[in-house]
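Working notes, beginning with the structure itself.
In what follows, every heavy atom counts, from backbone to side chain, and hydrogens, waters and symmetry copies are set aside. When a ligand or atom number is given, it counts from 1 through the structure's own listing order. Numbers for residues simply follow the sequence, beginning at 1.
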Amino acid sequence: MSTIEAEVDALRSEALEALTQADGEAAREAWRAEWLGRKDGRLTLRLRALKDAPPESRAALGKSLNELKATLEAELEARRDSARAAALSADAALDVTLPGRPQSLGRLHPVTQTMNDCIAAFAEMGFRVFEGPEVEWSRYNFDAVRIPDDHPARDMWDTIWIDTLIEGERQILLRTHTSPNQIRVMEQTEPPVRVIVPGKCYRQEATDATHEWMLTQIEGLAVDEGVRMSDLKGTLYAFARRLFGEDRRIIFHHSYFPFVEPGVEMAIDCFLCRAGGSDCRTCHDTGWIEILGAGMVHPEIIENAGYDSSRYTGFAFGVGIERVAMLRWGIEDIRHFYQNDLRFLRQF
Ligand code: FA5
């Protein structure tokens, strides 16, 4: 072994031995300063002294010292890497074998879920979805559906008006029902018509277990040659069976809406008292919960739309979606839906 090799070997052994003893990052840093420090590291000084070496051995010595420097740097980095890996696996929070933490996922509001299911039920029967404005002209909300200014039926929907006068009159309101869309649809299309119009409606209501001031409806409208009351009943039975199951009892009562003739209301047996009706605050002891109004479209409305009422007939309905959701899940008070109580909402 040449003297150069012997010297470099000795340096290597000493440095590497010292590195094995350097426990912890502070010790490793001290080792780095001692051997590789830029100003007075032992190897750095040795390299700097190369210029004083005899010219014939300078190149070989320089090569060996530079190789030693690379070895020491690599060894230091390797020690640091394995120290970091050991620290990571010692940290329990990063134990990769632990099961993942579940993300808390959001979900659709129960009224939205019910709305989607209702839309799907009607879509399967060939109804297309149309949308109309929530802020509506009074002429669409009332006049066009045969509810003139002085008609007592206006009392049925105590209205939230927009505070803007047009020609000295209030003409803009929050729609009280989705029925104005019967007119909007017929204005835009020729028969045959088969649409549903989902959306929010607003009423100046004293709220109770089955009444909210904001409610969601789906309007349905079918107009064609030969549409009959039996088509209306068949459609609504199919809808109710799909949403509530075969065993649920359904009842039709006669009712009055100015835009249909004849008019009906459809109700489902109360989920609390099952149409037993004793002290039931949900159905007010009637045994039934009304979910929709419906009927055969009044011929005057067919004519106003520019359709020939001697050729075309139609049916329409307006379903209350919160009521459907209540009946599906046995929710005894409609006001739960919009109180934003997560204990309630997380159940769906
Ligand atoms: C109407 O709104 C008519 N436009 C329905 C209609 C359409 C009849 C087409 C004929 C032809 P009514 O006010 O009854 O009717 O409301 C319809 C449904 O909306 C009710 O059966 C009920 O399910 C729901 N609903 C009405 N008022 C409220 C309320 N304040 N809170 C929650 N749901 C309500």
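- Cation-pi geometry between Arg203 and Trp213 is not met: the NZ or CZ atom fails to fall both under 6.0 Å from the ring centre and inside 45° of the normal.
- At a 3.5 angstrom cut-off on N or O pairs, Gln217 counts as close to ligand 1.
- The proximity of His211 to ligand 1, defined as any non-hydrogen pair under 4.0 Å, involves the side chain as well as the backbone.
- Panel note: side chain Glu265, backbone Gly293; no donor-acceptor pair is recorded below 3.5 Å.
- Minimum heavy-atom separation, Leu236 to Met266: CB-SD, 3.7 Å.
- Not a single heavy atom of Glu322 sits less than 4.0 Å from an atom of ligand 1.
- A salt bridge does not link Glu134 to Lys200: none of the charged nitrogens lies less than 4.0 Å from a carboxylate oxygen.
- Classification of Glu300 and Arg146 as a salt-bridged pair holds, one side-chain N sitting under 4.0 Å from a carboxylate O.
- With distances taken over non-hydrogen atoms, the option nearest atom 10 (C) of ligand 1 out of Phe317, Phe259, Phe315 is Phe259.
- Atom numbering of ligand 1 starts at 1 in the shown order; those under 4.0 Å from a heavy atom of Gly320 are 18 (C), 19 (O), 23 (O), 24 (C).
- Considering only non-hydrogen atoms, atom 13 (O) of ligand 1 lies nearest to Arg203 out of Arg203, Gln182, His177.
- Inclusion of Thr176 in the set of residues having an N or O under 3.5 Å from an N or O of ligand 1 is not warranted.
- Every atom of ligand 1 with a heavy atom of Glu290 under 4.0 Å away is listed here by number and element: 14 (O), 20 (C), 21 (O), 23 (O).
- The two residues Met115 and Pro198 make their nearest non-hydrogen contact at CE-CB, 3.4 Å.
- For the ligand labelled ligand 1, residue Glu265 lies outside the 4.0 Å heavy-atom shell.
- A salt bridge does not link Arg184 to Glu131: none of the charged nitrogens lies less than 4.0 Å from a carboxylate oxygen.
- Residues in residues 230-240 take part in no side chain to side chain donor-acceptor pair (under 3.5 Å) pair, two or more places apart or across chains.
- A salt bridge is absent between Asp208 and Arg335: the closest approach of a Lys/Arg side-chain nitrogen to an acidic carboxylate oxygen does not fall below 4.0 angstrom.
- Atoms of ligand 1 lying under 4.0 Å from at least one heavy atom of Leu292, given by number and element, are 21 (O).
- Taking only non-hydrogen atoms, the option from Ser255, Ala294, Gly318 nearest to atom 18 (C) of ligand 1 is Gly318.
- Among the atoms of Gly295, none of the N or O lies under 3.5 angstrom from an N or O of ligand 1.
- Taking a cut-off of under 4.0 Å to the non-hydrogen atoms of Ile334, the atoms of ligand 1 that pass are 32 (C).
- No side-chain donor-acceptor contact under 3.5 Å links Asn116 to the backbone of Gln113.
- For ligand 1, the atoms sitting less than 4.0 Å from at least one non-hydrogen atom of Thr210 are 31 (N), 32 (C), numbered in the order shown with element in parentheses.
- With ligand atoms numbered from 1 in the order given, ligand 1 contributes 21 (O), 23 (O) to contacts under 4.0 Å with heavy atoms of Ile291.
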